[in-house]
Structure formats: C-alpha cells, structure tokens
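Notes follow the structure.
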Amino acid sequence: MTEEVENFNFDTTEFQQDEGFSPRGGIVYQPIEALSVYASYTRSLSQSVGESAGGNTFDPGRGTQFEIGVKGDISDRLSATLALYDLTRTNVSTDDPDNPNPQFQIQTGEQNSQGIELSVAGEILPGWNITGGYAYTDATITEDNTFEEGNRLNNVPENAVSLWTTYKIQRGSIQGLGFGAGLFFVGEREGNLENSFQLPSYTRTDAAIFYERGQFKTALNFRNLFDIDYFEAADNDLEVFPGDPFTIVGSVSYKF
C-alpha cells in the first residue's frame, strides 16, 4: 500500500509505503448434505485519511473480522444462510485535542460493528426466483477523543430488510418475458457521529420488466416506483443526501 501526501501547511511532500500481514482463513463443516456450518477470520489494511500536527502520514487502518454461520438447503434450488459477525476497526483517525485550530488528527480511534444477517435466495417454482434478507447491525464507537464512546456510527441502520422477486414466463409465444418487484426497508440511522440528529426510516419499492431470449436481454428497471422522499445518507446536519426520485433505467445486452 503506497501513499503520497502533499502538505500545504508545511510545504512538504511525503511518500509512504506500508506493508502488513493480512491473513484470511476459514473452515466449513457439513454434518449432513443439506447443511453446512462455517467460520472465518480476516485481517485487513485500509488507507487512513487525516493530517497530523507534525505533518506526518498515518499508519494504515486495520480491521479484524470474525464470522460464523450456517447455510441450509430448503429445496434443491432454494437455500438460506444465517451469519453472525464481529468487525473491529483500529487506527481510526480522530480529532487531536491538543491542536484544535486548525484541527489536526491523531490515530486513537476504534469502531466496532457486530450483527446478524439472514438471507434466502433461489427458485421457488420454475421461473419464479426470490432474494431476501434481514440485517441487524450494532455499530458503535469504542474509542475516540471527540465523540462519546458508545455512540452509533452514522448512516448505519440497526435494522434493514430487502425482498426482490422475479418471474420469467417459461413457454409459449412470449417465453422469456419477465417481471420483477421488490421492497427495501432501511431503519432509522444516526446522521452524525455526535448522534445529535437522525435520518428517518424509509421503504422504497422497485420494479422491473425484462425480456431474455438466448444470448439477448433487454430490461427496464424502475427505481423508487412511488417517488417517495427519503434520505440516503448524511455527513452532518448541513450535508444530508436525498435519495433518487422515481428513475427509469433501460439496458440492452448480448452475450457472445
């Protein structure tokens, strides 16, 4: 991982190259043919953003994730997965309390996310496919100089649900014509790390109509079908980003 930082405050340019060991490992156990149990461990590196009072670049951020889960076959074409995970980020940049004006950063922050994810995917009947999921996420600040420990991370809903289903006609003169519809629920989220305001929950409806024949496919996707007003995310109370209004996207593709 390489980084070049040009510091206009100190009129310097600094080049930094970081190396780190990022192991990944997992194990799968299948007690019966229709059921699999797994566990995994991952360490990661990410580029850190910020500026220290001394004009130095920061060490890369680190992430450590543990996950356990179970996957079961409901039928030959339909399966469900339940996963529990714990992710900790360290070396997070936080405000330097000794240098507030101008505001510099130091690396003392830590954030933790843990939760449960349930997903179902597959074919219910010939031509009828479904993808659904539920996620519960507890994402909080665990160490910081500025924000209170225990505050929730912004833009991370505690609850989120999605359901998307499609049906493609299997025979006849209009074989290959298909339709899709889905609901996407995003729960209330904090708008900033201070947790001083919240973004309201919303439920968005999407739909699609498509046609597939051999290697040819064309589709119309309808996002936010009922043109609801909602907010995607926020950085602070002055930077709140609304979701897209009713949008139609067309596509044509051919596979060689």
Side-chain angles (χ1 to χ4, degrees), residues 21-44 63-89 112-140 153 156-172 174-187 189 201-219 221-223 225 251 253 255-256:
F21 181 52
S22 301
R24 297 182 179 183
I27 187 172
V28 178
Y29 173 63
Q30 193 172 23
I32 58 175
E33 185 176 353
L35 187 68
S36 299
V37 181
Y38 71 90
S40 66
Y41 168 80
T42 305
R43 288 271 288 170
S44 62
T64 303
Q65 178 168 318
F66 301 90
E67 183 174 332
I68 59 172
V70 57
K71 180 179 180 180
D73 294 330
I74 301 172
S75 68
D76 292 341
R77 298 185 177 184
L78 185 65
S79 63
T81 302
L82 178 65
L84 291 82
Y85 70 91
D86 185 288
L87 170 63
T88 300
R89 293 179 59 229
N112 177 262
S113 299
Q114 51 187 308
I116 301 172
E117 294 181 347
L118 173 65
S119 62
V120 179
E123 191 175 41
I124 299 176
L125 294 171
W128 183 15
N129 289 274
I130 187 172
T131 302
Y134 166 74
Y136 168 80
T137 307
D138 182 21
T140 58
L153 302 186
V156 181
E158 192 171 34
N159 296 283
V161 182
S162 65
L163 178 63
W164 177 256
T165 183
T166 62
Y167 178 74
K168 184 169 65 173
I169 297 172
Q170 300 294 289
R171 57 178 60 88
I174 56 173
Q175 179 183 355
L177 179 65
F179 307 89
L183 294 173
F184 302 87
F185 169 79
V186 177
R189 296 137 288 149
S201 62
Y202 67 87
T203 301
R204 193 188 74 235
T205 304
D206 293 353
I209 181 171
F210 58 90
Y211 179 74
E212 296 182 13
R213 197 76 171 190
Q215 296 162 293
F216 173 79
K217 180 178 180 179
T218 184
N221 291 276
F222 307 94
R223 182 180 171 90
L225 187 62
S251 64
S253 63
K255 294 182 180 179
F256 293 93

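Just so you know, these numbers use all the heavy atoms, side chains as well, and skip hydrogens, waters and symmetry mates.
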For Leu183, does its backbone N or O pair with a side-chain atom of Asp206 as donor and acceptor, under 3.5 Å?
no

Please check this pair: side chain of Gln215 against backbone of Arg213, looking for a donor-acceptor N/O pair closer than 3.5 Å.
no

Do Asn112 and Thr88 pair up side chain to side chain, a donor and an acceptor below 3.5 Å, judged on atom types alone?
yes

Check for a donor-acceptor pair, side chain of Arg189 on one end and backbone N or O of Gly187 on the other, with a separation under 3.5 Å.
yes

Is Lys71 positioned over the aromatic face of Tyr38, cation under 6.0 angstrom from the ring centre and no more than 45 degrees off axis?
no

So how far is it from Tyr136 OH to Gln114 CD, rounded to the nearest 0.5 Å?
8.0 Å

What I'd like to find out is whether the side chain of Ile209 reaches to under 4.5 Å of the side chain of Leu177, using heavy atoms alone.
yes

Please check if the side chain of Thr165 supplies one atom and the backbone of Asn129 the other of a donor-acceptor pair under 3.5 Å.
yes

Would you say the side chain of Asp138 lies within less than 4.5 Å of the side chain of Thr140, judging by non-hydrogen atoms?
yes

Evaluate the side-chain contact (heavy atoms from CB on, under 4.5 Å) criterion for residues Leu78 and Ile130: first the C-alpha distance (whole Å), next the side-chain angles of each, then the deciding distance (0.1 Å), finally the verdict.
CA-CA 9 Å; Leu78 185 65; Ile130 187 172; 4.0 Å; yes

Can you tell me how far OG of Ser40 sits from CD of Gln65, rounded to the nearest 0.5 angstrom?
6.5 Å

Just so I know, are the side chains of Asn159 and Tyr134 near enough to count as touching, which here means a heavy-atom distance under 4.5 Å?
yes

Kindly determine whether Phe222 and Thr205 satisfy side-chain contact (heavy atoms from CB on, under 4.5 Å), including the steps that lead there.
CA-CA 9 Å; Phe222 307 94; Thr205 304; over 6 Å; no

Are Phe210 and Asn221 close enough that some pair of their side-chain heavy atoms sits under 4.5 Å apart?
no

Measure the shortest side-chain to side-chain distance between Leu153 and Ser113 over non-hydrogen atoms and say whether it is less than 4.5 angstrom.
yes

Side-chain donor or acceptor of Glu67 paired with backbone N/O of Tyr85 under 3.5 Å
no

